[in-house]
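Here is how names work: the chains are called A, B, and so on, in the same order as the sequence lines, proteins then strands, and each is numbered from 1. FYI, side chains are in, hydrogens and waters are out, and symmetry mates aren't considered; it's all heavy atoms of this structure.
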There are 2 protein chains.
Amino acid sequence: MREKTERIVREWTESCDAEVSIAVLGGAWKPSILTLLGEHEVLRFGELGRLLQDPTPRVLTRQLRELEADGLITRTVYRQVPPKVEYRLSELGASAGQLLTELTRWGTLYAGRQRTAVDA
Amino acid sequence: MREKTERIVREWTESCDAEVSIAVLGGAWKPSILTLLGEHEVLRFGELGRLLQDPTPRVLTRQLRELEADGLITRTVYRQVPPKVEYRLSELGASAGQLLTELTRWGTLYAGRQRTAVDA
DNA sequence: CAGAATCCGAATCGATACTG
DNA sequence: CAGTATCGATTCGGATTCTG
C-alpha cells in the first residue's frame with residue numbers, strides 16, 4: 001500500500017470511510033483505468049495509453065504503480081524483447097465495480113444538471 | 001460552480017464521469033460534511049467544526065464555500081450579533097446520499113482488508 | 001515497448017494570527 | 001460566532017527528454 005493511502009487508512013475513523021475510497025480511486029485516470037480493465041480483462045501499457053487518449057507515460061506509470069501498491073491491479077512482466085507488461089484487475093479491484101458504477105451514475109447526473117443550468 | 005469542477009465537467013467525456021464525482025466530493029472533510037448534513041438537516045459553522053473534530057477555520061470555510069459553489073449545500077446568513085450561519089443540503093446534495101453510502105461501504109471494506117493484511 | 005530522469009507551475013492542506 | 005489574511009510545506013499532473 002502506498003504511503004498516502006496508508007496514512008488515510010491509519011487515521012481512518014467511522015465518520016470518514018468515504019475518504020478512504022476517494023484516496024484510493026482519486027488519482028488522474030484511475031477510475032477510467034479500472035473501468036477499462038473491468039471491460040477488457042487484460043491490457044498492456046501501450047493499449048491503456050491509447051484507450052485513455054495518451055496521458056504522458058510518466059503519469060500513466062505512476063497511476064498504475066499506485067493502483068498496484070494499493071492492491072487493485074496486478075502487473076505481469078514478460079522478460080522479452082520487446083518488453084511486454086500486462087495489467088489486470090485484482091479481486092479487490094473488481095470489488096470496486098459497484099462503486100465505480102455509482103460514481104459514474106452520479107457524475108453523469110451532476111454534469112448533466114450543471115450543463116442544463118449553464119445552457120438555460 | 002467553482003473553477004476546478006467547471007473544468008472537469010467541461011472536459012467530461014463518457015469514460016470519466018466518475019472523475020466528476022470525485023472532483024466534487026474529493027476535498028478534505030467533504031464527504032463527512034455531507035454525511036453530517038444528511039443526518040442533522042441543519043448545522044451551524046461552529047457545530048460542524050466540533051463534529052469534524054476541529055479542522056482549521058480556514059480549511060472548513062473553503063470546503064463549505066466550494067460545496068456551495070458546486071450546488072450541494074446552501075448557506076443561510078442571519079445578520080445579527082453574534083453572527084449565525086446555517087448550512088443545509090440542497091436537493092442536489094441530497095441526491096449524492098446513495099453515492100456517499102457506497103463510498104463508505106467500499107472504503108470500510110478496503111480499510112478492513114488492509115488492516116487484516118497488515119496484522120497477518 | 002514500457003518505462004525512467006528531470007524539471008516545473010498550480011493547487012491544496014494546514015498552522016498561526018487577527019477581526020466585524 | 002464565523003470567519004479572513006498571510007505564510008509554508010507538500011503533492012500532483014504534465015511537458016520534455018532519454019534508455020534497456
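Residue B/Gln63 places at least one side-chain N or O under 4.0 Å from the OP1 or OP2 atom of C/dC13. Between A/Arg65 and C/dG3 there is a side-chain polar atom (N or O) within less than 4.0 angstrom of OP1 or OP2. OP1 or OP2 of D/dC1 has not a single side-chain nitrogen or oxygen of B/Arg44 nearer than 4.0 Å. A close approach under 4.0 Å does occur between a side-chain nitrogen or oxygen of B/Arg75 and OP1 or OP2 of D/dG3.
Spacing between atom CD of B/Glu19 and atom C1' of D/dC12 amounts to 14 Å, rounded to whole angstrom units. The separation between A/Trp29 atom CH2 and D/dC12 atom P is 17 Å, rounded to whole Å. Separating the CZ atom of B/Arg58 from the P atom of C/dC13 is a distance of 9 Å, rounded to the nearest angstrom.
Heavy-atom nearest nucleotides on DNA chain D were determined for A/Pro57 and for A/Gly26, and the one closer to the 5' end corresponds to A/Gly26. Toward the 5′ end of DNA chain C lies the nearest nucleotide of A/Leu64, the other residue of the pair A/Leu64 and B/Asp54 mapping further downstream.
Using a 4.0 Å heavy-atom cutoff across all strands shown, B/Gly27 reaches sugar-phosphate atoms only and no base atom.
For B/Thr61, taking side-chain heavy atoms from C-beta onward, the closest of the listed nucleotides C/dA2, D/dG13, D/dT4 is D/dT4.
Residue B/Glu41 qualifies as open at atom CD: its count of foreign heavy atoms under 6.0 Å is 12 or below.
Using a 4.5 Å heavy-atom threshold, the side chains of A/Glu86 and A/Leu43 count as separate. Using a 4.5 Å heavy-atom cutoff, the side chains of B/Tyr87 and B/Leu48 are in contact.
In this structure, A/Arg105 pairs ionically with A/Glu102, as a charged nitrogen and a carboxylate oxygen lie closer than 4.0 Å.
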